[in-house]
Amino acid sequence: MKTLRKPDEMRAWSLEQKRSGKTIGLVPTMGALHEGHASLMRASARDNDVSVLSIFVNPTQFGPQEDYREYPRTFDADCAMAEQIGMDAVYAPDADAMYPANYVTYVTVERLTEGLCGRTRPIHFRGVATVVAKLFNAVLPDRAYFGQKDAQQCAVVRRMTRDLDFSIEIIEMPIIRQPDGLAMSSRNRYLNANDRTSAVALSESLGKAKALMDAGERAAANVVGCVHRALSGVPGLRVDYVEVVDAEEMTPVERIGGTVLLAAAVFIGKTRLIDNIKYKVPES
Ligand code: PAF
């Protein structure tokens, strides 16, 4: 497996693949890989002639009080997992290669980034859209794989790809969960034993809300209320948001119809966890 460190090196490698007629899959990550990432890499290795894993802890998507410095960095273990799955290259630029001196250019996706995580993390999606556009320009993928756990990120990347005319298929893969339901996340490493016990309440609360929708509830406020009730009193847990939004526009809905996203974020101690379910109203 090849390791590439600079955008021009990465692009040269990709152009060589393209010249020999190969399709390229990209799995963009910040490292600290887990089974969720593994599922993206397996899909990429299955669908494409060659596959690239990018590992870059992107400073521009972290707010000043967030965990950029503490974010787990496990490069050797990440490469071992990628190689075992059959990835062909790792693109791991350092921050200076991505953001050279006097860097001033950012990609802003409007409206979709205002609510949900964008409210608590106001610069987050500008950093994500910018770095993903830069990864696309360096790797030149035919397909790029993202996890549904970051559903708002998926919607933002899809829209940016369309609006900026990238000819790349964005593939959203299902959430991978621990046996008790906790969504896999690199930030789960921050949880101590008590936090971990509390954390399961997040997926359980969404499960209760789904059962309510399955039973015919169509008022978003009642679904949101169900999640809040399930989360209240969980030790150490503070709700950031619970919302039902249109699954593409990320705007709040009052009535549940078509396909909606029920999304929630909680703080457990200092760790912020997110989870969601996509709900498609069955046609009657
Ligand atoms: O989901 C992530 O790991 C990051 O937000 C991404 C897409 C790699 C951009 O830094």
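We count residues from 1, following the sequence as given. Everything numeric here is computed off the predicted structure, so don't read it as measured data. As the structure lists them, so they are numbered: ligands from 1, and atoms in each ligand from 1.
When only interatomic distances are considered, the shortest N/O to N/O separation between N58 and ligand 1 does not fall below 3.5 Å. Here's the thing with Q153: one of its N/O atoms is less than 3.5 angstrom from an N/O atom of ligand 1.
In summary, R189 and E70 do not engage in a salt bridge, as defined by a charged side-chain N under 4.0 Å from a carboxylate O. With respect to the salt-bridge test (charged N to carboxylate O, under 4.0 angstrom), the residues E66 and R272 do not qualify. The pair R159-E249 meets the salt-bridge criterion, with a side-chain N (NZ, NE, NH1 or NH2) lying under 4.0 Å from an Asp/Glu carboxylate O.
In this pair, H37 and H34 present their aromatic rings tilted. The plane angle is within the 30 to 60° band.
Against a heavy-atom cut-off of under 4.0 Å, V131 is close to the following atoms of ligand 1: 9 (C), 10 (O). For ligand 1, the atoms lying closer than 4.0 Å to a non-hydrogen atom of Q61 are 4 (C), 5 (O), 9 (C), 10 (O).
Using a 4.0 Å cut-off between heavy atoms, T29 contacts ligand 1 through its backbone alone, with no side-chain atom that close.
The shortest side-chain heavy-atom distance between S39 and Y145 does not fall under the 4.5 Å cut-off.
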